[in-house]
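This report concerns only the one structure given below.
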Amino acid sequence: MTAATTPGHGPLSGVRVVELAGIGPGPFAAMLLADLGADVVRVDRPGGVALGVDPEYDVTNRNKRSVLVDLKAPDGPARVLDLVERADILIEGNRPGVTERLGVGPGPCHARNPRLVYGRMTGWGQDGPLAQRAGHDIAYIALTGTLGMIGSLGEPPPVPANLLGDYAGGSLYLVVGVLAALHHARVTGTGQVIDAAIVDGTAHLSAMIHGMLAAGGWQDRRAANLLDGGCPYYGTYETADGKHMAVGALEPRFYEEFTRLLGLADFADARRDWVRWGELREAVAARFRSRTRDEWTDVFAGTDACVAPVLSLREAPHHPHLAARGTFTEHCGITQPAPAPRFSATPTSVRGGPALPGADTSDVARDWDVPRLVDDVEDADRETPRRVLENPQ
């Protein structure tokens with residue numbers, strides 16, 4: 001079932017993944033598996049999905065290959081099951097019951113391949129009162145209490161893009177789940193279903209905070225705690241040019257250096273004096289407003305004050321540290337985060353740009369030995385621009 005490994009493609013080289021096309025956390029999870037070297041085949045539907053981004057720029061489809069299959073066609077499920085028979089992992093992100101109705105649910109898939117790891121990505125989970133309800137990241141994190149932790153007192157909680165729910169609480173937990181289940185399948189020969197719900201993962205991320213809450217070390221309200229902006233030496237401040245600096249001087253020696261460099265030696269003893277926190281915050285804010293972000297960056301450079309400039313998405317790749325590490329890379333004309341984490345023996349790379357819908361149908365049919373995959377779609381496949389996978393450098 002498992003393909004031969006390819007040197008230089010990452011630790012998951014040889015693992016085969018079928019991804020049923022969707023948007024958000026499912027494609028990101030599949031991208032992470034592809035970045036780690038897995039051969040990810042994305043099953044795109046005719047007409048595509050409503051992401052609103054040109055497929056040429058959908059970085060979450062990098063390092064993958066794409067085939068076109070109409071699952072609502074009479075022979076559509078059979079084509080997908082042919083792929084499933086040769087796969088190690090399947091990822092889908094539909095509402096509960098959808099893949100069952102389409103004929104590619106866990107039952108038919110495990111009948112063809114008992115070792116298959118069947119990963120299901122949803123917001124609410126496979127069961128519970130909200131399981132069939134629509135939703136997005138912001139609603140999922142709202143119910144878990146994590147959104148309510150963020151922001152200033154007296155103001156609505158800010159929106160943390162869709163990083164906290166979709167990707168941290170969703171994609172990453174799905175990847176952990178399918179890799180753990182893959183290990184189990186290889187040991188026992190038995191696959192299983194992974195129910196990865198964003199509400200579960202996001203709640204799990206707050207484990208430490210719940211422990212602190214139970215111990216009386218965390219107040220159940222915003223901007224009143226050490227790590228939620230309530231502490232004046234753990235937060236962000238505006239500079240003279242309207243930009244911002246981030247401060248995380250929590251430990252005594254870091255705080256001491258922070259106040260010294262900021263010119264606030266009179267507040268050296270205010271670190272543990274909550275009564276003075278309001279006064280300290282005003283003093284810190286006034287000092288930061290006296291110079292530009294770049295000037296303050298120079299002041300704190302090379303120190304352990306734990307202060308950093310708040311950079312924009314376009315600025316971040318040019319920061320000297322990130323540039324030296326290659327944290328970002330450019331591929332197919334798109335500046336994007338490089339694969340992470342890093343491996344000493346099986347390095348990863350961006351091997352190919354975003355997979356264009358249906359561009360790889362013939363190649364996948366040949367490589368996975370599923371000739372039925374190209375029946376009736378060869379003409380469409382030939383008309384779809386191909387993006388050739390490149391060898392890693």
Side-chain angles (χ1 to χ4, degrees), residues 17-33 42-45 48-53 58 60 71-72 80 89-110 116-151 156-182 191-210 213 220 222:
V17 180
V18 173
E19 175 198 353
L20 301 186
I23 60 175
F28 187 91
M31 179 203 74
L32 181 49
L33 295 173
R42 177 176 167 96
V43 179
D44 278 298
R45 67 195 71 170
V49 294
L51 179 60
V53 174
D58 188 355
T60 62
L71 275 168
K72 295 183 179 179
V80 172
I89 298 168
L90 179 144
I91 287 178
E92 63 98 358
N94 299 283
R95 293 197 205 187
V98 170
T99 57
E100 283 85 348
R101 292 194 295 273
L102 291 172
V104 290
C109 286
H110 282 138
L116 182 74
V117 172
Y118 196 105
R120 316 195 83 163
M121 181 77 263
T122 61
W124 304 116
Q126 296 298 311
D127 53 35
L130 296 178
Q132 291 296 333
R133 293 286 298 275
H136 283 293
D137 176 292
I138 194 167
Y140 308 139
I141 67 175
L143 285 196
T144 63
T146 47
L147 179 60
M149 293 167 46
I150 305 170
V159 181
N162 66 332
L163 303 179
L164 176 57
D166 279 354
Y167 300 134
S171 304
L172 299 187
Y173 277 84
L174 176 61
V175 169
V176 169
V178 297
L179 293 182
L182 179 63
Q192 59 183 302
V193 178
I194 312 303
D195 176 3
I198 294 172
V199 290
D200 296 346
T202 307
H204 192 261
L205 289 170
S206 64
M208 183 191 75
I209 304 299
H210 277 277
L213 183 66
D220 196 12
R222 293 198 303 281

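On a predicted model such as this, the values are computed, not experimentally measured, just so you know.
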Hey, can you pull the donor-acceptor pairs under 3.5 Å for the side chains in residues 162-169, sequence neighbours left out?
{"unit_1": "Asn162", "atom_1": "ND2", "unit_2": "Asp166", "atom_2": "OD2", "d": "3.0"}

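- To the nearest 0.5 Å, atom CG of residue Leu90 and atom CG of residue Leu20 are 4.5 Å apart.
- Heavy-atom minimum distance, Ala131 versus Pro96: O-CD, 3.4 Å.
- When all heavy atoms of Trp124 and Leu130 are compared, the closest pair comes out as CD1-O, 3.0 Å.
- Side-chain N or O atoms of His110 include one that pairs as donor or acceptor with a backbone N or O of Leu116 at under 3.5 Å.
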Inset, instruction - Start with the C-alpha distance between Ile198 and Thr122, add both sets of side-chain angles, then the distance that settles side-chain contact (heavy atoms from CB on, under 4.5 Å), and finish with yes or no. - result: CA-CA 6 Å; Ile198 294 172; Thr122 61; over 6 Å; no

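- Pairs engaging residues 127-151 under the side chain to side chain donor-acceptor pair (under 3.5 Å) rule: Thr144-Thr146 [sequence neighbours left out].
- The structure places CD1 of Ile91 at 5.0 Å from CG of Leu33, a figure rounded to the nearest 0.5 Å.
- In this structure, CE on Met31 lies 8.5 Å from OG on Ser171, to the nearest 0.5 angstrom.
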Report all side-chain donor-acceptor pairs from residues 172-180 shorter than 3.5 Å, counting only partners two or more places apart or in another chain.
{"unit_1": "Tyr173", "atom_1": "OH", "unit_2": "His204", "atom_2": "ND1", "d": "2.6"}

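- With sequence neighbours excluded, no residue satisfies side-chain hydrogen bond (donor to acceptor under 3.5 Å, both in side chains) with Asp195.
- The side chain to side chain contact (heavy atoms under 4.5 Å, CB included) test applied to Ala181 returns Val117, Gln192, Ile194, not counting sequence neighbours.
- Side-chain contact between Pro160 and Leu147: present, with at least one pair of heavy atoms (C-beta onward) separated by less than 4.5 Å.
- Summarising the geometry, atom CE belonging to Met121 is positioned 9.5 Å from atom CD belonging to Gln126; distances are rounded to the nearest 0.5 Å.
- With a 4.5 Å cut-off on side-chain heavy atoms, Asp220 and Leu213 count as touching.
- To the nearest 0.5 angstrom, Thr202 atom OG1 is 10.5 Å from Leu143 atom CG.
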Please tabulate, for side-chain N and O atoms in residues 97-108, each donor-acceptor pair with protein atoms closer than 3.5 Å (sequence neighbours left out).
{"unit_1": "Thr99", "atom_1": "OG1", "unit_2": "Tyr118", "atom_2": "OH", "d": "3.0"}
{"unit_1": "Thr99", "atom_1": "OG1", "unit_2": "Arg120", "atom_2": "NH2", "d": "2.9"}
{"unit_1": "Glu100", "atom_1": "OE1", "unit_2": "Gly97", "atom_2": "N", "d": "3.4"}
{"unit_1": "Glu100", "atom_1": "OE1", "unit_2": "Arg120", "atom_2": "NH2", "d": "3.1"}
{"unit_1": "Glu100", "atom_1": "OE2", "unit_2": "Arg120", "atom_2": "NH1", "d": "2.9"}
{"unit_1": "Glu100", "atom_1": "OE2", "unit_2": "Arg120", "atom_2": "NH2", "d": "3.3"}

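- A salt bridge (Lys or Arg N to Asp or Glu O under 4.0 Å) check over residues 18-32, counting only residues at least two apart or in different chains, returns the pairs Glu19-Arg42, Glu19-Lys64.
- Shown here for Pro157 and Arg222, the closest heavy-atom pair between the two residues is CG-NH1, 3.6 Å.
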